[in-house]
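Proteins get letters first, then strands, A, B, ... in listed order; numbering begins at 1 in each. Computed from a predicted structure; not experimentally measured.
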Number of protein chains: 2
Amino acid sequence: MELLLSNLQTPAFLVDRTIVEQNCARMRGRARASGVEFRPHVKTHKTIEIGRMQHGGAIGPITVSTLAEGEFFADAGFRDITYAVPVAPDKLERTAALARRIDRLNLLIDSESALQAIERFGFRFDVFLKVDCGYHRAGIDPNSGDSVRFAQKLSKSAAVRFHGLLTHAGHSYDAKTIDGIRRVAAEETACLTRFRDASGLATLVRSAGSTPTMSVVDRFENVDEVRPGNYVFYDAFQATIGSCAREDVAVSVLATVIGSYPERGQAVIDAGALALSKDLGPHHIDTKFGYGIVCDLKLRPQPMRLVALSQEHGKLEAAQPPPVGTKLRVMPNHSCLTAAMYDAYRVIAGDRVVDEWRPCRGW
Amino acid sequence: MELLLSNLQTPAFLVDRTIVEQNCARMRGRARASGVEFRPHVKTHKTIEIGRMQHGGAIGPITVSTLAEGEFFADAGFRDITYAVPVAPDKLERTAALARRIDRLNLLIDSESALQAIERFGFRFDVFLKVDCGYHRAGIDPNSGDSVRFAQKLSKSAAVRFHGLLTHAGHSYDAKTIDGIRRVAAEETACLTRFRDASGLATLVRSAGSTPTMSVVDRFENVDEVRPGNYVFYDAFQATIGSCAREDVAVSVLATVIGSYPERGQAVIDAGALALSKDLGPHHIDTKFGYGIVCDLKLRPQPMRLVALSQEHGKLEAAQPPPVGTKLRVMPNHSCLTAAMYDAYRVIAGDRVVDEWRPCRGW
């Protein structure tokens with residue numbers, strides 16, 4: 001019997017296959033047209049199915065955020081992986097074991113002490129130097145002479161194979177408009193180019209990646225490799241800052257109304273903090289945005305706000321709260337965090353459930 | 001070989017067995033001394049091990065937040081369960097299947113439409129009427145004549161076995177001091193008693209439960225059953241509003257410093273939003289509280305703030321950022337949500353890892 005999404009037990013994480021395919025094709029096409037290496041991040045979905053879809057059905061270079069993801073994708077045949085989080089020194093043994101299994105495992109490095117840890121460990125890792133293009137999370141300061149000297153030292157080190165410069169413009173998420181994102185995008189790649197030129201290491205690969213900055217340009221310029229990730233799903237946040245249209249958001253959480261209180265203009269759904277994650281979303285644009293965009297079964301936004309989440313309850317405010325039993329779909333604020341709450345994704349085509357994909361979990 | 005917590009791969013969720021046992025014994029002792037039924041919530045930990053510990057090693061009445069928890073604990077021999085979230089109408093079949101396997105499954109009901117759904121379904125469920133004591137999430141208004149009439153109707157209905165009144169003072173979490181919590185606690189039970197008396201149904205069980213209100217009183221009064229849950233672990237939030245001392249917090253997330261940037265007073269740890277959850281914690285008391293209390297390996301708070309979380313990065317601010325490789329323990333803001341991010345808990349006694357407990361997941 002055909003399973004319809006309206007018959008699923010709730011909460012359920014729905015992935016619209018057609019939209020994911022479109023998002024994948026668009027970004028891959030843009031990379032190809034720009035003549036840059038495409039190394040998409042898999043951390044948003046963590047599934048082999050979408051990992052292949054990002055490369056048009058093939059195995060290709062990818063970016064991961066945990067060693068568990070690296071091992072999971074290596075098991076499925078992926079052989080060129082960048083681990084885009086600085087590695088803890090006591091994970092080097094596990095990291096080397098993964099590197100030995102595949103063609104190439106690129107690590108990030110952003111300090112002398114990280115280089116020393118690799119030297120002490122004694123395995124010749126492939127490395128990228130992490131550059132801080134303004135996000136101020138990890139990475140060396142590209143405007144510092146010390147950073148230039150460190151890059152030159154890396155290029156001469158026998159302890160590593162130094163391939164390139166890697167940055168992540170996470171501050172693009174602070175933008176409020178497409179123009180704001182474009183300004184961050186321009187600086188993201190300019191900063192890599194300036195630093196490469198200052199270091200005199202012309203062969204270094206310039207690798208950039210953030211879904212907002214990769215979504216608002218027609219062509220990737222001044223960059224050799226791109227690593228977007230969230231674009232496969234997008235989410236309410238990305239649609240609000242202008243990375244995508246709402247129609248590009250491929251995921252939603254199916255929920256059921258389990259309490260309806262017209263006398264106080266409220267309802268309760270069975271999707272709470274564990275079903276949606278507790279990301280505030282585009283709070284910098286609208287402090288009353290709520291914990292996702294509440295839609296009907298056809299994903300049409302409804303005049304309701306999801307004002308609070310406790311563990312298994314989501315509290316809705318609405319002039320006319322829907323009755324108990326109503327099914328709703330919530331477009332999540334942050335699809336990466338929401339997806340990670342589920343052991344299995346329900347894959348839909350229209351209103352039919354056509355598949356189930358199981359993500360990698362843990363670290 | 002003895003495994004020390006400092007040798008665990010990070011991030012890891014640590015549960016201090018001695019503190020959990022103390023927290024369990026204290027709350028159970030208070031319930032016994034007060035002569036009330038003890039039906040602790042298991043949603044915070046979702047493990048059989050702690051479920052038994054809550055009853056001093058025995059099987060006893062429990063409260064669950066999902067059907068998956070109900071089934072998981074029923075499999076382990078628990079036979080008296082309250083499902084403390086209003087049930088979606090299309091989950092009644094699964095709910096009835098669980099009810100048939102055990103001695104008693106209590107459901108919540110808070111509307112005519114929920115009663116009608118049960119009548120249509122045709123299984124005689126045990127029910128509690130959910131009462132809104134001021135939290136305004138689910139529950140009937142105890143001051144309304146309609147609510148009194150609905151209770152009387154329930155008591156005469158042949159479709160259900162009506163046992164009592166159940167409330168949850170979730171607004172105790174909005175308190176800023178112990179006195180504030182005590183005011184909510186007094187109203188929580190007074191409201192149940194007033195409603196019971198107004199309905200003239202003297203045999204109804206009055207069931208209350210929230211960790212803050214159950215933690216700040218010496219004795220439970222004007223109540224017949226208590227259902228605290230978070231108290232097994234407590235967390236940074238509970239310690240800040242005054243539900244517990246910091247020494248009572250049984251859980252922490254072990255993390256490793258993977259980036260250190262003294263020039264900008266920052267460091268990065270390998271515990272981000274997926275390792276800690278993104279709960280703002282006691283933001284109503286301190287908007288700069290951050291995403292948990294950063295401690296050293298002996299759980300002594302350090303002069304550092306965890307100011308931002310991305311998926312796998314936690315960003316620390318500190319005058320003297322710790323070097324790469326440093327192990328830290330983060331006392332989470334909301335232990336229920338943090339625990340749910342892990343497939344296994346690392347159980348510690350002092351600095352030794354002595355066990356591993358696996359929680360129920362999903363819905």
Side-chain angles (χ1 to χ4, degrees), chain A residues 7 9-12 43-44 65-67 85-91 94 110-111 113-114 117 130 132 136-139 141 144 170 256-261 263-264 266 268 270 273-275 277-280 308 310-313 315 323-325 334 336-337 340-344 361-363, chain B residues 7 9-12 43-44 65-67 85-91 94 110-111 113-114 117 130 132 136-139 141 144 170 256-261 263-264 266 268 270 273-275 277-280 308 310-313 315 323-325 334 336-337 340-344 361-363:
Chain A
N7 293 329
Q9 287 252 331
T10 54
K43 77 180 179 72
T44 298
S65 68
T66 64
L67 287 175
V85 174
V87 60
D90 63 357
K91 289 179 188 164
R94 184 175 163 198
D110 71 355
S111 68
S113 69
K130 176 78 187 254
D132 176 13
H136 305 323
R137 188 177 65 181
D141 174 1
S144 138
T256 306
V257 175
I258 54 172
S260 185
Y261 314 96
E263 66 281 8
R264 54 176 199 260
Q266 289 178 348
V268 170
D270 63 353
L274 291 195
S277 91
K278 221 169 164 176
D279 197 284
L280 290 178
S310 43
Q311 188 164 340
E312 298 294 350
H313 301 75
K315 191 199 274 192
V324 167
H334 189 163
C336 315
L337 303 191
M341 308 309 290
Y342 293 83
D343 287 338
R361 280 185 51 80
W363 295 272
Chain B
N7 293 329
Q9 287 250 331
T10 54
K43 78 179 177 73
T44 298
S65 68
T66 64
L67 287 175
V85 174
V87 62
D90 62 357
K91 290 180 189 164
R94 183 174 164 199
D110 71 354
S111 68
S113 68
K130 177 78 186 253
D132 176 12
H136 305 322
R137 187 177 64 182
D141 174 0
S144 137
T256 305
V257 175
I258 53 172
S260 185
Y261 314 96
E263 66 282 8
R264 53 177 199 261
Q266 289 178 348
V268 170
D270 63 354
L274 290 195
S277 91
K278 222 168 163 177
D279 198 283
L280 291 178
S310 43
Q311 188 163 341
E312 298 293 349
H313 301 74
K315 190 198 272 191
V324 168
H334 189 164
C336 315
L337 302 192
M341 307 310 290
Y342 292 83
D343 288 338
R361 280 184 50 80
W363 295 270

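Atom OH in Tyr261(A) sits 3.5 Å away from atom CG in Asp110(B) (nearest 0.5 Å). With values rounded to the nearest 0.5 angstrom, Leu280(A) atom CG is found 7.5 Å from Lys278(B) atom NZ. Residue Lys43(A) holds its NZ atom at 8.0 Å from CD of Glu312(B), rounded to the nearest 0.5 Å. Note that CG of Leu337(A) is 7.0 Å distant from CE of Met341(B), once rounded to the nearest 0.5 Å.
Between Ser111(A) and Val324(B), the closest heavy-atom pair is OG-CG2, 4.5 Å. A pairwise comparison of heavy atoms in Arg137(B) and Ser310(A) identifies NH1-OG, 2.6 Å as the closest pair. In this structure, Val87(B) and Ile258(A) approach most closely via the heavy-atom pair C-CG2, 4.2 Å.
At a threshold of 4.5 Å between non-hydrogen side-chain atoms, the residues His313(A) and Pro86(B) count as touching. Side-chain contact between Asp270(A) and Lys91(B) is present, with heavy atoms from C-beta onward closer than 4.5 Å.
Your options are Thr256(A), Thr44(A), Asp279(A), and the one with the most heavy-atom pairs under 4.5 Å with chain B is Asp279(A). Here Arg94(B) is the residue among Arg94(B), Glu263(B), His334(B) with the most heavy-atom pairs under 4.5 Å with chain A. Residue with the most contacts toward chain A among Pro89(B), Ala138(B), Ser113(B), Gly325(B): Ala138(B) (heavy-atom pairs, distance under 4.5 Å). Residue with the most contacts toward chain B among Gln9(A), His136(A), Arg361(A): Arg361(A) (heavy-atom pairs, distance under 4.5 Å). Note: Asp343(B) leads Asp343(B), Asp141(B), Val257(B) in heavy-atom pairs under 4.5 Å with chain A. Taking chain A as the reference chain and counting heavy-atom pairs below 4.5 Å, the highest number among Pro323(B), Ala344(B), Pro11(B) is found for Pro11(B). Looking only at heavy-atom pairs under 4.5 Å with chain A, the residue among Gln311(B), Lys315(B), Gln266(B) that has the most is Gln311(B).
In this structure, chain B has no heavy atom under 4.5 Å from any part of Leu67(A). Contact annotation for Ala12(A): neither backbone nor side-chain heavy atoms come within less than 4.5 Å of a heavy atom of chain B. Proximity to chain B involves both the backbone and the side chain of Ser65(A), based on heavy atoms less than 4.5 angstrom apart. Using a 4.5 Å cut-off between heavy atoms, Val268(B) touches chain A through its side chain atoms alone. Contact of Ala114(B) with chain A is not made at all, since no heavy-atom distance falls under 4.5 Å. Contacts of Thr66(A) with chain B are made by side-chain atoms alone, with heavy-atom separations under 4.5 Å and no backbone atom involved.
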